Amino acid sequence: MSSQLLGVCVFWAEGFYEKALALQPADPDVLNNLAACALAGPRPEPARALRLLRPLLASPPAALPTRAGLRAQLRAARCQLLLGELAAA
């Protein structure tokens, strides 16, 4: 897949996740998927993705579905690596 086509797909998906976030601002799957979009485009935005993931990372483990918590932790580690925050990753 070309980077231009990937960018269009990410832009399209991101628009839907933004609308979903407006309806359910604390939904862990929406936050995770929107963070994934921020990382997947032709110009990854790890700081933005990390901001989206912070509420999930601050939640007690029992408050999140296991899958959502694991995805948030893995994406946050990737963000920190991309930002050069190796110790935090």
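From a predicted model like this one, the values you see are computed outputs, not experimental measurements.
Listed by chain and residue number, nothing satisfies the side chain to side chain contact (heavy atoms under 4.5 Å, CB included) test with Ala26 (two or more places apart in sequence, or in another chain).
In this structure, Leu39 belongs to a hydrophobic cluster whose other members, linked by side-chain heavy atoms under 4.5 Å apart, are Leu82.
With rounding to the nearest 0.5 Å, the separation of CG in Asn32 from SG in Cys37 is 11.0 Å. Note that CG of Leu70 is 11.0 Å distant from CZ of Arg75, once rounded to the nearest 0.5 Å. Considering CD of Glu85 and CG of Leu81, their distance stands at 9.5 Å, rounded to 0.5 Å. The CD atom of Glu45 sits 9.5 Å away from atom CG of Leu52, with the distance rounded to the nearest 0.5 Å. Rounded to the nearest 0.5 angstrom, Gln24 CD and Lys19 NZ are separated by 15.5 Å.
Contact detail for Val30 and Ala20: the closest heavy-atom pair is CG2-CB, 3.9 Å.
The shortest side-chain heavy-atom distance between Leu34 and Arg48 falls under the 4.5 Å cut-off. Using a 4.5 Å heavy-atom cutoff, the side chains of Leu31 and Leu53 are not in contact.
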| query | Stepwise, does the side-chain contact (heavy atoms from CB on, under 4.5 Å) test hold for Leu50 with Leu83? | reply | CA-CA 10 Å; Leu50 197 53; Leu83 292 168; 4.1 Å; yes

Return a table of donor-acceptor pairs under 3.5 angstrom between the side chains of residues 56-68 and protein atoms on other chains or two or more places apart.
from  : atom 1 : to    : atom 2 : distance (Å)
Ser59 : OG     : Pro55 : O      : 2.8
Arg67 : NH1    : Asp29 : OD1    : 2.7
Arg67 : NH1    : Asp29 : OD2    : 3.4

